[in-house]
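Heavy atoms only: backbone and side chains are in, while hydrogens, waters and symmetry mates are out. To find a chain, count down the sequence lines: A is the first, B the second, and so on, and within it residues start at 1.
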Amino acid sequence: MTEASNYTASEILAILASRQLKDGQVVFAGVGTPLLAATLAQQLRCPGLTILFEGGVVGAFVEAGKLPPSTNDQRCTKRANMVLGSADVLLLLQRGYVDIGFMGGAQIDQFGNLNSSFIGDPAAPKTRLPGTGGGNDISSLTNMIVAMKHEKRRFVEKVDFITSPGFIRGGNSRRESGLPAGGMFRVITELAIFGFDETTRRMRVLALNPGVSREEVQDNTGFKLEFDANLHVTEPPTTRELQILRQLDPERLFTA
Amino acid sequence: MTEASNYTASEILAILASRQLKDGQVVFAGVGTPLLAATLAQQLRCPGLTILFEGGVVGAFVEAGKLPPSTNDQRCTKRANMVLGSADVLLLLQRGYVDIGFMGGAQIDQFGNLNSSFIGDPAAPKTRLPGTGGGNDISSLTNMIVAMKHEKRRFVEKVDFITSPGFIRGGNSRRESGLPAGGMFRVITELAIFGFDETTRRMRVLALNPGVSREEVQDNTGFKLEFDANLHVTEPPTTRELQILRQLDPERLFTA
Amino acid sequence: MLEAQLEPYSRLRENLAARDRSLREKVMSLEEAAGLVQDGMKVGIGGSTMSRTPMALIWEIIRQRRQNLSCSRCIVSTDGDLLFGSGVSDHIITSWFAQGILWGLSKVMRHHVETQGKRYEEWSHMGVGMRLRAGGMGVPFLPMRAMLGSDVMRQRPEAKPIDCPFTGERLLLVPALNPDVALIHVQRCDAYGNAQIDGLQFMDIDLALAANKVILTTERIVSNDQIRRHPDQTKIAFLCVDAVVEVPYGAAPHECFGIYEPMLKHMDAYVKQVNADPVKGMQEYLEKYFYGPKNWNEYLELIGLEELLEASQRGRSIYND
Amino acid sequence: MLEAQLEPYSRLRENLAARDRSLREKVMSLEEAAGLVQDGMKVGIGGSTMSRTPMALIWEIIRQRRQNLSCSRCIVSTDGDLLFGSGVSDHIITSWFAQGILWGLSKVMRHHVETQGKRYEEWSHMGVGMRLRAGGMGVPFLPMRAMLGSDVMRQRPEAKPIDCPFTGERLLLVPALNPDVALIHVQRCDAYGNAQIDGLQFMDIDLALAANKVILTTERIVSNDQIRRHPDQTKIAFLCVDAVVEVPYGAAPHECFGIYEPMLKHMDAYVKQVNADPVKGMQEYLEKYFYGPKNWNEYLELIGLEELLEASQRGRSIYND
């Protein structure tokens, strides 16, 4: 594989996120980077990847250059295997048909809880964000991969509001809250790849992106990070990955 | 209208039952006499009668000479307005979309409870009958018309087993059992038409079929009957009713 | 709050018993149909995000200056902006509320929620779905396994966490949602209201069953014969429907599966204008596109023939091989 | 009994996680597919009464002399006779059990239930439906408003009447039914198991979602391309399906919507024979039609070409104007 040298932060985010998926998995993907990354994986390495969308799509094959503006648009359904009601596609998560939920995030904390509802006090918010959509359902019911921008204000010790539950307060608190299945699996940013400690359920750095230092990751994070004993550096994007990604999103809707 | 003079017990049963329906009603009909009677009403007097079948049919128009062998056969769907899942058509009853449930019966008691499950002690039955089908659901959730053969062993003081609830033990016992809606409205037999007392909820004779005496009805009934103060004699079948009925069932599947 | 939300079964049954559910023609004008929506009603909106939004009905309701509507929809897009911005609604129940992923946050929603005291009542997407499904089934609640442990649940005392009486597992019971009236846009239906829906159905089938009244707009009215040739393609039964209005491009500038995609030029311009000034920008938009036109076709003319044709070309392409 | 019926959520999830849900070909022979059904399993049967009965699978399971199957189906017809009469099943969960309305009581069912200790476990039709729907939704129960007050409920301690925590109304909670394996016959599907179902769906969609394994028989296998041209016509998704078998006339002598109606001459003769002597009549029927033939086509030959053609003519007539 030839290494690519020129890529945007959004591009490496999409490429590294796509590498987390395995052929044969069933993936519930949100719009934007997750949809793009899942489609990239499907075209590049995982022909048997099953992609589900919240609008009610099972087994999607999104066309290059025709990215849907949301997962509720007809473009999501072109040459899909099945279209069904949107409550019903969410029930597939509840029944257990889905291996991975794959979402973006606005704000995350050390236990992988996501906030997309309120900045500031929810009773008198500084900013009312758009809300959960299917995010709460997906993160409650399956294993999660989150792809998001890495900024200090987005990586906080405790989110202002738990919209989509990660490990809640760590330890067994997720299970004790009535969520016996799933949980945060990976967080991918333009700086690093994160997992979660098996016991404490705190976020830890598994790998650094090419050219990124431990300090840079910590400086951009609002809580104290742990680094995995086997910390390594991720392989950079290949020219092939970048080429297909750019074919998928020629208008740079999601990779500007 | 010309009065017909020659008809079988099944025929007068179907004709009198069909007269109970009103144009514009939504009727959930069982196979056999109910299906036949509802279709007769639809063709004769009630073009806007909506017929539902347990197999999942909404707005059925059964073809003359092509009676379905059950309400789960494709014939029920020919030129229907909608076909849906069978749990979903039953849920229309629960939601309240249906005015009348229209069934046959094997055994009925003074409170209009129907038994189609066991003859004798249910723990060691003399006869295991076919069971409820949708009968329990229909009679639990809407107003009922029952068309059945009049025999002493079928009209009993207390059914061996309540498969499809009428007024349970009379009075308010139906409502107190958790069934606030519906209840037994009419019972039609080849001898008479029955209603139920508003307070006691006991069966009473509203009208005698042509040529039938009070004594004949009482003699064929296993409990003491009350007769309505306005007891009258039903108009006999007309030649027109009989003609259309015979066109519907030329093979005498249900009117032998 | 709970009592306002959950209709007792007896009232649901009475409402239904009083509706004329017979097989009858119910075609009327957009004005008449919108007139069925009364001040203060609970209004359920079909489609999702920018898809099959019953925009013509919303447009006419706003023109008729309805007030205090409590609206619900699985995912809200610019329809929510317009309902808040025009003053017809002060309460929206949904799982997601912005103009669309492409444009970030809605300044209109933010303005009305952060400073004007309007309520955006947030449930998870499945939460909205299970509430409508319960409403359509005629039961007061359904159990689900999401929202638990989150602040979304903590903000919703209307939902009850329980220990399952069978398994002891933690479950969330969400209350039925039975809108007073549902607004649904479909590709085709007959004069009685038997509707076919192509492609994504979203929660429209549950919504139609749950509501106490249903208004359909449709791209075209077809014969009952055509419907009855394929009864397994009927998605909404005539007996749930109270009004039918034929409105071509009735979801514009949003999409209608297989007929037109979203009109993104119009949407882009809209978002730029209202996010620049959620009050004045919105007022000007409403004057020009909502209050100004004499009828729906004049509104479509303002969007422009070129954009309509281009959106239609993209819309039909879903059926290209 | 309760524990045997209700699978804990953790086990449901484990079962699903272990299934290969990827987009892969899963076409196999009738023999192989029936081999997935093991002694003692809970078997969910698709279709209803005499319609879309997965008869070829039942035929092969009986030939393979499986034992102690616990079978469930919304309404049971001659399939139930054969499952009891052949000895493969000793427990049938359903709402109605005879050969068909046309023939009155089933002497076979009566014999096995009244004198042989086999169990016919009766639920209301909606009760069966809600149990499968709960199973398909991944919740341990659903609430309903029927069965209350009846002896059908009194015989089913597995269901729990409750006072609604929202309204105080009386409701019945019915436990989820998650069969170990579902047998479903469809008009067409692709090699991955994406299935289209024409006409009456019965409870097959819930059943496919509820079961821990799904075997499809199909009148014909079509390309994945054909399926993907109309994804909104897919009723069962490939990811629920574990085996696909092409078996023309796979529901014979019952009906398959739009393809053939029931083969009533064969059915009449069958009913006469087994009701005359539920033991010997059934044994002779099984010998001749089930154990005797070398393969399914030989069974069809015994039914006879004339009856197949005549049933097909009636079957297709549903599409005539």
Side-chain angles (χ1 to χ4, degrees), chain A residues 21-28 38 41-42 45-53 55-63 74-100 137-138 140-143 175 178-183 185, chain D residues 7-26 132-140 142 176 178 189-197 205-212 214 222-241:
Chain A
L21 302 174
K22 297 199 190 96
D23 201 16
Q25 284 181 326
V26 179
V27 179
F28 203 107
Q42 192 183 46
R45 296 179 299 108
C46 311
L49 189 74
T50 296
I51 302 177
L52 272 55
F53 295 130
V57 185
V58 176
F61 291 87
V62 167
E63 286 181 286
Q74 68 173 29
R75 289 186 176 194
C76 295
T77 73
K78 181 90 188 260
R79 292 186 58 67
N81 283 274
M82 185 187 206
V83 163
L84 73 175
S86 35
D88 296 296
V89 76
L90 291 164
L91 287 170
L92 293 178
L93 285 156
Q94 184 164 279
R95 179 65 179 82
Y97 281 102
V98 180
D99 296 302
I100 295 285
D137 306 308
I138 302 168
S140 296
L141 296 166
T142 191
N143 298 304
R175 173 172 289 272
L179 304 175
F185 174 61
Chain D
E7 292 210 44
Y9 190 51
S10 57
R11 193 154 67 219
L12 284 177
R13 299 278 312 212
E14 281 160 24
N15 284 339
L16 250 177
R19 275 163 86 184
D20 182 352
R21 283 154 288 133
S22 67
L23 193 69
R24 63 189 170 88
E25 295 202 6
K26 48 197 77 152
L132 288 171
R133 184 155 295 176
M137 290 169 74
V139 289
L142 280 179
N178 291 101
C189 70
D190 66 19
Y192 308 135
N194 287 303
Q196 296 180 344
I197 296 176
I205 293 171
D206 291 322
L207 171 60
L209 291 166
N212 287 316
V214 175
V222 299
S223 71
N224 181 244
D225 267 346
Q226 178 170 334
I227 292 290
R228 285 167 58 192
R229 248 173 240 126
H230 298 286
D232 56 2
Q233 297 304 308
T234 307
K235 294 299 195 306
I236 296 173
F238 70 90
L239 44 72
C240 306
V241 176

Peer 1: Can you measure from CD (A:Gln94) to CE (D:Met137) and round to the nearest 0.5 angstrom?
Peer 2: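 A:Gln94 atom CD to D:Met137 atom CE measures 6.5 Å (nearest 0.5 Å).
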Peer 1: If you tally heavy-atom pairs under 4.5 Å against chain A, which of D:Ile227, D:Asp190, D:Leu12 wins?
Peer 2: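 Most heavy-atom pairs within the cutoff with chain A belong to D:Leu12.
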Peer 1: Are the side chains of A:Asp23 and A:Pro47 in touch, meaning some heavy atoms are under 4.5 Å apart?
Peer 2: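 Yes; the side chains approach each other to less than 4.5 Å.
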Peer 1: Could you look at D:Arg19 and say if it's the side chain, the backbone, both or neither that has a heavy atom under 4.5 Å from chain A?
Peer 2: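 Just the side chain, heavy atoms under 4.5 Å.
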Peer 1: Between atom CG of A:Asn81 and atom CG of D:Leu239, what is the distance when rounded to the nearest 0.5 Å?
Peer 2: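 Rounded to the nearest 0.5 Å, the CG-CG separation comes out at 8.5 Å.
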Peer 1: Considering only heavy atoms, which portion of D:Asn224 lies under 4.5 Å from any heavy atom of chain A: side chain, backbone, both, or neither?
Peer 2: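 The side chain, not the backbone.
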Peer 1: Tell me, out of D:Gly138, D:Pro231, D:Ala237, D:Ser22, who's got the most heavy-atom pairs with chain A below 4.5 Å.
Peer 2: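 Ranked by heavy-atom pairs under 4.5 Å with chain A, first place is D:Pro231.
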Peer 1: Between chain D and each of A:Leu84, A:Leu91, A:Asp88, A:Leu90, count heavy-atom pairs under 4.5 Å; write down the option with the most.
Peer 2: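 Of the options given, most contacts go to A:Leu91.
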Peer 1: Hey, are A:Asp99 and D:Arg21 close enough for a salt bridge, meaning a charged N less than 4.0 Å from a carboxylate O?
Peer 2: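 Yes, this pair counts.
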Peer 1: Give, as side chain, backbone, both or neither, the part of A:Val57 having an atom under 4.5 angstrom from any heavy atom of chain D.
Peer 2: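 It is neither, since no heavy atom gets under 4.5 Å.
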Peer 1: Tell me, for D:Asn178 versus chain A, whether the close heavy atoms (under 4.5 Å) come from the side chain, the backbone, both or neither.
Peer 2: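 Contact with chain A: side chain only.
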Peer 1: I need the minimum non-hydrogen distance between A:Gly55 and A:Ser86, along with the two atoms involved.
Peer 2: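 Result for this residue pair: O-CB, 3.7 Å.
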Peer 1: Report yes if the side chains of A:Tyr97 and D:Cys240 come closer than 4.5 Å at any heavy-atom pair, otherwise no.
Peer 2: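 Side-chain contact under 4.5 Å: yes.
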Peer 1: Please classify the contact between A:Leu92 and chain D as side chain, backbone, both or neither, with a heavy-atom cut-off of under 4.5 Å.
Peer 2: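 Just the side chain, heavy atoms under 4.5 Å.
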Peer 1: Who wins among D:Leu209, D:Val139, D:Asp232 for the most heavy-atom pairs under 4.5 Å with chain A?
Peer 2: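 Heavy-atom pair counts peak at D:Leu209.
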Peer 1: Can you check whether D:Ala210's main-chain N or O pairs, donor with acceptor, with A:Arg95's side chain at less than 3.5 Å?
Peer 2: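 Yes, because the side chain of A:Arg95 sits within donor-acceptor range (under 3.5 Å) of the backbone of D:Ala210.
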